[in-house]
There are 2 protein chains.
Amino acid sequence: MSSYHPPREELALPAVLHALSDPQRLRIVRELSLDPEPRPCGSFLLDVSKSTKTHHFRVLREAGMITQREVGTSKLTSLRREDLDQRFPGLLDAVLASAETPVAVPA
Amino acid sequence: MSSYHPPREELALPAVLHALSDPQRLRIVRELSLDPEPRPCGSFLLDVSKSTKTHHFRVLREAGMITQREVGTSKLTSLRREDLDQRFPGLLDAVLASAETPVAVPA
DNA sequence: CACGTTGTTTGATGATCGTCGTACAATTGA
DNA sequence: TCAATTGTACGACGATCATCAAACAACGTG
């Protein structure tokens with residue numbers, strides 16, 4: 001019962017951009033890029049419920065941005081950096097760099 | 001009755017990524033980047049209705065990706081490349097380069 | 001075995017999205 | 001002045017989205 005991971009050639013730009021356009025998911029990707037060690041979903045500090053977390057990880061996986069590998073009761077998540085870099089060179093880095101820029105608060 | 005254009009400092013990454021995650025809007029941005037000359041909305045060949053076109057241009061404008069300047073009955077649209085490049089360096093170029101890669105069709 | 005941990009599934013809710021057609025407004029040109 | 005052009009406004013529609021709680025499943029440990 002392993003979940004679907006799209007092969008590299010099928011990664012679609014709109015899906016990737018949509019996956020990255022949610023703040024929670026952007027945070028997940030960001031954390032994963034800072035610490036590339038595969039981590040269980042639960043180790044990500046998001047202020048959403050468990051089921052919402054599951055939802056976001058599915059969106060990221062189906063967009064081809066992460067891999068999820070079952071180990072015991074956990075599911076180790078890692079970033080598909082190589083696939084992303086090959087398919088969309090420079091994109092992930094640009095997004096991650098942009099994500100570090102603080103958002104200006106309107107006065 | 002001029003429409004709202006967010007100042008550069010307020011451009012938000014999620015909004016920009018969301019704006020780019022729609023194929024029609026991505027096409028608009030792509031055409032604008034190839035031909036930076038300000039163009040009326042109607043000159044973009046999208047297979048959607050007039051009102052849908054208006055909608056997409058509004059999303060792009062409110063995300064801070066384009067400027068719209070009224071000239072007669074037309075509205076000249078141009079890409080806010082400088083603002084985007086300053087706020088999110090490399091992002092637009094990476095997206096545009098990625099957009100040129102053909103999407104693989106599943107067998 | 002029983003319990004805690006980890007994550008999924010299901011069903012629901014309210015919001016947003018992409019799309020359309022119709023009607024309208026404003027400008028240009030005959 | 002009348003008509004064509006260019007774009008917006010207004011609903012409306014079905015689809016998708018982000019979110020939640022509750023129930024469930026699988027694994028590990030006491």
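Within every chain, numbering begins at 1; the chains are lettered A, B, ... in the order of the sequence lines, protein sequences first and strands thereafter.
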Novice: If you check every side-chain atom of A/V48, which of D/dG7, C/dG18, D/dT19 has the closest atom?
Specialist: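 Per side-chain heavy atoms of A/V48, the pick is D/dT19.
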Novice: Does a side-chain N or O from A/H56 land closer than 4.0 Å to OP1 or OP2 of D/dT19, or not?
Specialist: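 Checking D/dT19 against A/H56, a side-chain N or O does come within under 4.0 Å of OP1 or OP2.
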Novice: Considering only NZ, NE, NH1 and NH2 on the basic side and carboxylate oxygens on the acidic side, decide whether B/D85 and B/R81 come within less than 4.0 Å.
Specialist: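 So B/D85 pairs with B/R81 through a salt bridge.
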Novice: Counting only side-chain N and O atoms of A/K53, is one of them less than 4.0 Å from OP1 or OP2 of C/dG7?
Specialist: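 Looking at the OP1 and OP2 atoms of C/dG7, neither is under 4.0 Å from any side-chain N or O of A/K53.
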Novice: By nearest heavy atom, map B/G72 and A/Q68 onto DNA chain C; which one lands nearer the 5' end?
Specialist: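 Per heavy-atom nearest nucleotide, the more 5' residue is A/Q68.
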Novice: Does anything in residues 24-31 of chain A reach DNA chain D, meaning a heavy atom under 4.0 Å, and if so which residues?
Specialist: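 A/Q24, A/R25 - these, ordered by number, are the residues of the stretch whose heavy atoms sit under 4.0 Å from the strand.
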Novice: Taking the side chain of B/D22 as its heavy atoms from C-beta onward, which of D/dA23, D/dG7, C/dT19 lies nearest to it?
Specialist: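 Side chain of B/D22 sits closest to C/dT19.
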Novice: If only side-chain N and O atoms of B/S51 are considered, is one of them under 4.0 Å from the OP1 or OP2 phosphate oxygen of C/dC20?
Specialist: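 Checking B/S51 against C/dC20: no side-chain N or O falls below 4.0 Å of OP1 or OP2.
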Novice: Choose from C/dG7, D/dC17, D/dG7 the nucleotide whose nearest atom is closest to any side-chain atom of A/S74.
Specialist: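 Nearest nucleotide to the side chain: C/dG7.
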Novice: Closest approach to the side chain of B/S49, judged atom by atom: which nucleotide of D/dG7, C/dC20, D/dA26 is it?
Specialist: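 Nucleotide nearest to B/S49's side chain: C/dC20.
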Novice: A/H55: what forms a side chain to side chain donor-acceptor pair (under 3.5 Å) with it, not counting sequence neighbours?
Specialist: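 So A/H55 forms no side chain to side chain donor-acceptor pair (under 3.5 Å) with any residue.
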Novice: How is B/K75 classified with respect to the nucleic acid when contacts are heavy atoms under 4.0 Å: base, sugar-phosphate, or nothing?
Specialist: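 Answer is sugar-phosphate: B/K75 comes under 4.0 Å of backbone atoms only.
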Novice: Among D/dA18, D/dA9, D/dC20, which nucleotide has an atom closest to any side-chain atom of A/T52?
Specialist: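 Nearest nucleotide to the side chain: D/dC20.
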Novice: From the options D/dT8, D/dT19, C/dT19, select the nucleotide whose nearest atom is closest to the side chain of A/H55.
Specialist: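 For the A/H55 side chain, the nearest candidate turns out to be D/dT19.
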Novice: Do any side-chain nitrogens or oxygens of A/T73 fall under 4.0 Å of OP1 or OP2 in D/dA26?
Specialist: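 Answer is no, no contact under 4.0 Å.
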Novice: Quick test of your reading: applying ring-ring contact (aromatic ring centres under 6.0 Å, His included), list the pairs with at least one residue in residues 17-45 of chain B, sequence neighbours left out, ordered by first then second residue.
Specialist: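 Those involving residues 17-45 of chain B are B/F44-B/F57.
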Novice: State which of C/dG7, D/dG7, D/dA18 makes the closest approach to the side chain of A/P40.
Specialist: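 Of the options given, the side chain of A/P40 lies nearest C/dG7.
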